[in-house]
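All chains are named by letter (A, B, ...) in the order of the sequence lines, taking the proteins before the strands, and each is independently numbered beginning at 1.
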Protein chains: 2
Amino acid sequence: MTYSIAEAASSSGLSIDTLRYYERIGLVEPPARDPGGRRAYSDDDMAWLGFLTKLRTTGMPIRRMREYAHLRHAGLATAGRRKEILIEHRSDVLERIAELQNCLEVLNYKVANYERCERDLAGQEPYLVHEESA
Amino acid sequence: MTYSIAEAASSSGLSIDTLRYYERIGLVEPPARDPGGRRAYSDDDMAWLGFLTKLRTTGMPIRRMREYAHLRHAGLATAGRRKEILIEHRSDVLERIAELQNCLEVLNYKVANYERCERDLAGQEPYLVHEESA
DNA sequence: AGTTGACCTGGAGTGCACTCCAGCTTCTAA
DNA sequence: TTAGAAGCTGGAGTGCACTCCAGGTCAACT
């Protein structure tokens, strides 16, 4: 089974331009071409694109994705290093999640504060309402 | 209590340049100045910087932070809109966390896969080791 | 009086990750 | 057979969020 660039784009969530860009910078191997010279992505290509988008979504910089891509291309001998990269990235992601959750608490606090203000305001109309500072 | 720009920077986690940049683009109100013309951040300024960094950490674009900042400056009447922004942002953050967690599963799967490969390799030496495709 | 270090300003430069464009070819359907 | 859609290439442009720089001021120590 092969896929046009449009199909590859819509299935991976990347834009057509981005796919060509990734190819230019060596993040994806140039896919096969059909008789008319158009890109024909294989199932393997699609799977790799799918994985790339996971790395991208989790904020891995292109530089690092490229390193991973090149290792992958180099074959089995690099599996150890690839695993390391993934493990390190995973811990980055965990940290990021923790960071977001921490910020979420502040957000919740703030929203609750606005709600409290509204209740106060509804309770005994105007008069003396402090803007919180933070 | 007032704080120098260096103190404001190290306490907020922003760089000195970023603090001046935020001021230039109207994201923070120009702080007071000491007799020598240097910035003297107040406790309120510091609290606002702290909150800003939460918004930033959670990926709120500067454009939106600025909107929030301006509303805040406009006083109580804008509290409703500010609350809306925060609520919307909170749901963005929740989505983002979910997205990261989803990607995390893929990462875990991949790492487990590498580990399986290693065990196989250790088990009966060379012979027949498939590179997984995705 | 001189040196050092923190700070000041306006403006230019950077890195990242795309995104768009002009001008061309190739396939598909009426 | 011809119009329109989809794809191609190389290269330029964009948006975001900083980051750096030159050249100057100010306060504190020696």
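If A:M65 and A:P35 are placed on DNA chain C by their nearest nucleotide, the residue sitting closer to the 5' end is A:M65. Between B:R56 and B:G37, the residue anchored closer to the 5' end of DNA chain D is B:R56, taking for each the nucleotide with the nearest heavy atom. If A:G36 and B:I5 are placed on DNA chain C by their nearest nucleotide, the residue sitting closer to the 5' end is B:I5.
The CZ-C1' distance, from B:R38 to D:dC26, rounds to 5 Å in whole Å. As a whole-Å value, the separation of B:I25 CD1 from C:dG10 C1' is 16 Å. D:dA6 atom C1' lies 11 Å from atom CG of A:D34, rounded to whole Å. Regarding B:L55, its CG atom lies at a distance of 15 Å from the C1' atom of D:dA17, rounded to whole Å. Here the P atom of nucleotide D:dA6 and the CG atom of A:L19 are 16 Å apart, to the nearest Å. The separation between A:D17 atom CG and D:dT9 atom P is 12 Å, rounded to whole Å. In this entry the distance linking CZ of B:R66 with P of D:dC16 reads 10 Å, nearest Å. Note: CZ (B:R24) to C1' (D:dA17) measures 12 Å, nearest angstrom.
Ion pairing between a basic and an acidic side chain is recognised when a charged N comes within 4.0 Å of a carboxylate O; B:E88 and B:R64 show such pairing. Taking 4.0 Å as the cut-off between side-chain N and carboxylate O, A:E84 and A:R81 count as a salt-bridged pair. Between B:R39 and B:E7, none of the side-chain N atoms (NZ, or NE/NH1/NH2) sits under 4.0 Å from a carboxylate O, so this pair counts as no salt bridge. For the pair B:R96 and B:E99, the salt-bridge criterion is met [side-chain N within less than 4.0 Å of a carboxylate O].
When the side-chain nitrogen and oxygen atoms of B:Y22 are compared with OP1 and OP2 of D:dC18, one or more of them lie within a distance under 4.0 Å.
Side-chain proximity of A:S4 to the nucleotides D:dC18, D:dC20, D:dG7 is greatest for D:dG7. Taking every side-chain heavy atom of B:Y21 into account, D:dC18 is the closest of C:dC18, D:dC18, C:dC20. Here C:dT9 is the nucleotide among C:dT19, C:dT9, D:dC18 with the atom lying nearest to any side-chain atom of B:R39.
The residue B:R20 sits close to a base: some heavy atom pair falls under 4.0 Å. Within 4.0 Å of B:R63, counting heavy atoms only, lie sugar-phosphate atoms of the nucleic acid but no base atom.
No hydrogens or angles were tested; on distance alone, nothing pairs the side chain of A:R33 with the base of D:dG7 as donor and acceptor under 3.5 Å.
Of the N and O atoms on the side chains of A:Y3 and A:D45, not one donor lies less than 3.5 Å from an acceptor on the other residue.
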